[in-house]
Amino acid sequence: MPELPEVETVRRGLEPWIEGATIDKVTLNRPDLRFPFPKDLQSALEGQKIVSVGRRAKYLLIGLSNGKTVLSHLGMTGSYRFAEHGIDKPPRYYEVEPTPKHDHMVWDISHPKHGKSHLIYADPRRFGFVDLYDHVEDSPYLKGLGPEPLGNDFNADEMAEKFTGKKTPIKAALLDQRVVAGLGNIYVAEALHRAHILPTVLAGTLVTAKGKPKPVLEDLAHAVRQVLIEAIEVGGSTLRDFRNAEGGSGYFQHRFAVYDREGEPCPTPLCTGTIQRIVQSGRSTFFCPVCQKKA
DNA sequence: ATTGGCCCCTGTTAGC
DNA sequence: TGCTAACAGGGGCCAA
């Protein structure tokens with residue numbers, strides 16, 4: 001679920017509370033999530049200080065004082081929260097049960113300013129996972145990733161290179177994390193709508209015969225950046241079970257132009273279209289057939 | 001090498 | 001109201 005803006009919101013929510021804290025104890029309530037927990041997770045974490053809270057694409061990267069890095073992916077339904085006791089400005093989440101059904105990993109931490117608390121990872125569907133690295137840059141999960149969409153390496157020229165000769169629909173191409181890292185089903189739909197590109201056009205058609213980006217690809221690069229920036233500004237989106245790390249909801253869902261808005265009028269000024277839903281690669285695509293036509 | 005389809009798992013919701 | 005089926009933000013893996 002969580003796409004780049006949601007993961008960034010989680011990162012920003014966690015950072016002030018756990019950076020500088022010491023991990024006193026790690027509790028695993030089951031042997032695995034999507035994959036088994038690393039065998040040495042507890043021994044590698046306990047006694048270490050958290051020195052950084054970073055993000056790459058949809059991965060949280062938690063740096064430790066022993067040089068190791070915890071890589072955490074939230075899958076579709078993963079979330080972090082703090083137990084309500086301990087921390088001096090407690091982020092209230094759901095009512096905290098003693099042993100909630102989907103609390104799979106708990107870190108007992110003590111922070112020099114905030115005192116002791118419990119950081120809890122919950123994940124009903126268990127599509128998330130946790131891994132541990134001496135050199136996280138060698139992680140296979142990070143190896144093939146494309147550029148950060150908000151970084152300097154992401155632009156129309158770069159996309160044009162990757163799209164040349166591609167027969168896959170632009171929607172699927174943008175979901176491919178090797179093209180650009182961090183987009184998911186929601187923000188791809190929103191970016192394509194902003195750039196007025198039909199999701200079904202083949203990625204290769206957005207490139208000229210000389211391999212240069214057509215103008216619309218510049219619009220797309222801009223739309224991707226802009227929609228992510230706006231979403232991060234308001235704390236990401238909240239659908240069903242997503243909450244940010246401080247227990248609040250994001251607000252970006254109220255600004256969706258097309259996602260989950262089948263049958264509603266297209267919000268593009270002067271456009272008379274109605275939002276449609278189709279299925280591409282087994283996943284919903286929302287778009288306006290009237291104003292999304294460029295290729 | 002690409003590309004599409006299936007699957008992991010649980011919870012929520014739409015439809016009958 | 002109650003049951004069943006479809007669907008959900010991701011992405012690894014396999015087969016064509």
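Numbered from 1 within each chain, the chains take letters A, B, ... in sequence-line order. Bear in mind that the values here come from a model prediction, so they are computed numbers and not experimental data.
- The side chain of A:Lys101 places no N or O atom within less than 4.0 Å of a non-bridging phosphate oxygen (OP1 or OP2) of B:dT10.
- Backbone-only contact: A:Gly184 has heavy atoms under 4.0 Å from sugar-phosphate atoms and none from a base.
- When the P atom of B:dG5 is taken as reference, atom CG of A:Leu175 falls 14 Å away, rounded to whole Å.
- Between B:dC9 and A:His102, no contact under 4.0 Å exists linking OP1 or OP2 to a side-chain N or O.
- In this model, a side-chain donor or acceptor of A:Arg125 finds a partner on the base of C:dA8 within 3.5 Å.
- Here the rule is ring pair (Phe, Tyr, Trp, His ring centres under 6.0 Å) with A:His73, and of A:Tyr141, A:Tyr59, A:Phe35, A:Phe127 only A:Tyr59 fits it.
- Between the CZ atom of A:Arg178 and the P atom of C:dG11 there is a distance of 13 Å, rounded to whole Å.
- Within 6.0 Å of NZ in A:Lys214 there are more than 12 heavy atoms belonging to other residues, nucleotides or ligands.
- Of the P atoms belonging to B:dG5 and C:dC7, the separation is 15 Å, rounded to the nearest Å.
- In this structure, A:Tyr59 atom OH and C:dG10 atom P are separated by 12 Å, rounded to whole Å.
- The residues A:Lys25 and A:Glu46 are annotated as not salt-bridged, no charged nitrogen and carboxylate oxygen being separated by less than 4.0 angstrom.
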Item checked: Under the 3.5 Å Watson-Crick or G-U criterion, the dot-bracket string of DNA chain C, with | for inter-strand pairs -> .|||||||.|||||||
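- Rounded to whole Å, atom C1' of B:dG4 lies 17 Å from atom CD1 of A:Ile170.
- Contact annotation for A:Tyr141: backbone-only contact, meaning every heavy-atom pair under 4.0 Å involves sugar-phosphate atoms and none involves a base.
- In this structure, the CZ atom of A:Arg283 is 13 Å from the C1' atom of B:dC7, given to the nearest Å.
- A close approach under 4.0 Å does not occur between any side-chain nitrogen or oxygen of A:Lys167 and OP1 or OP2 of B:dT3.
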Side-chain donor-acceptor pairs of residues 179-189 of chain A under 3.5 Å, sequence neighbours excluded:
{"residue": "A:Asn185", "atom": "OD1", "partner": "A:Lys171", "partner atom": "NZ", "Å": "2.8"}
{"residue": "A:Asn185", "atom": "ND2", "partner": "A:Ser284", "partner atom": "O", "Å": "3.0"}
{"residue": "A:Tyr187", "atom": "OH", "partner": "A:Glu6", "partner atom": "OE2", "Å": "2.7"}
{"residue": "A:Tyr187", "atom": "OH", "partner": "A:Ser237", "partner atom": "OG", "Å": "2.6"}

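- At most 12 heavy atoms of other shown residues, nucleotides or ligands fall within 6.0 angstrom of atom CG in A:Asn152.
- By the criterion of a centre-to-centre distance under 5.5 Å and near-parallel planes under 30°, the ring of A:Phe127 forms a stack with the base of C:dG10.
- Listed nucleotides: C:dG10, B:dT3, B:dC9. Nearest to the side chain of A:Arg126: B:dC9.
- Taking the six-membered ring for Trp and thresholds of 30 and 60 degrees, A:Tyr121 and A:Tyr80 have ring planes inclined between 30 and 60 degrees apart.
- Checking B:dG11, C:dG10, C:dA8 against every side-chain atom of A:Tyr259, the shortest atom distance belongs to C:dA8.
- Nucleic acid contact for A:Arg34: base, since at least one base atom lies under 4.0 Å from a heavy atom of the residue.
- Nearest-nucleotide mapping onto DNA chain C: of A:Phe129 and A:Gly282, the residue sitting toward the 5' end is A:Gly282.
- When the side chains of ILVMFWY residues are joined at heavy-atom separations under 4.5 Å, either directly or via intervening members, A:Ile232 and A:Phe256 end up in a single hydrophobic cluster.
- Rounding to whole angstrom units, CD1 of residue A:Ile278 and C1' of C:dC7 are separated by 17 Å.
- Proximity of A:Arg30 to the phosphate of B:dC9: no side-chain N or O atom is located under 4.0 Å from OP1 or OP2.
- For the pair A:Lys171 NZ and B:dG5 P, the interatomic distance rounds to 13 Å; values are reported in whole Å.
- The separation of B:dC6 from C:dA6, taken at their P atoms, amounts to 14 Å, rounded to a whole angstrom.
- Using a 4.0 Å cut-off, some side-chain N or O of A:Thr168 falls inside it from OP1 or OP2 of B:dG4.
- Taking A:Thr274 as the reference, nothing meets the side-chain contact (heavy atoms from CB on, under 4.5 Å) condition, with sequence neighbours excluded.
- Of the candidates C:dA8, B:dT3, C:dG11, the closest approach to any side-chain atom of A:Arg277 belongs to C:dA8.
- Within 6.0 Å of CZ on A:Arg178 lie no more than 12 heavy atoms contributed by other residues, nucleotides or ligands.
- A close approach under 4.0 Å does occur between a side-chain nitrogen or oxygen of A:Ser284 and OP1 or OP2 of C:dA8.
- Taking atom CG of A:Leu33 as the reference point, atom P of C:dG11 lies 15 Å away to the nearest angstrom.
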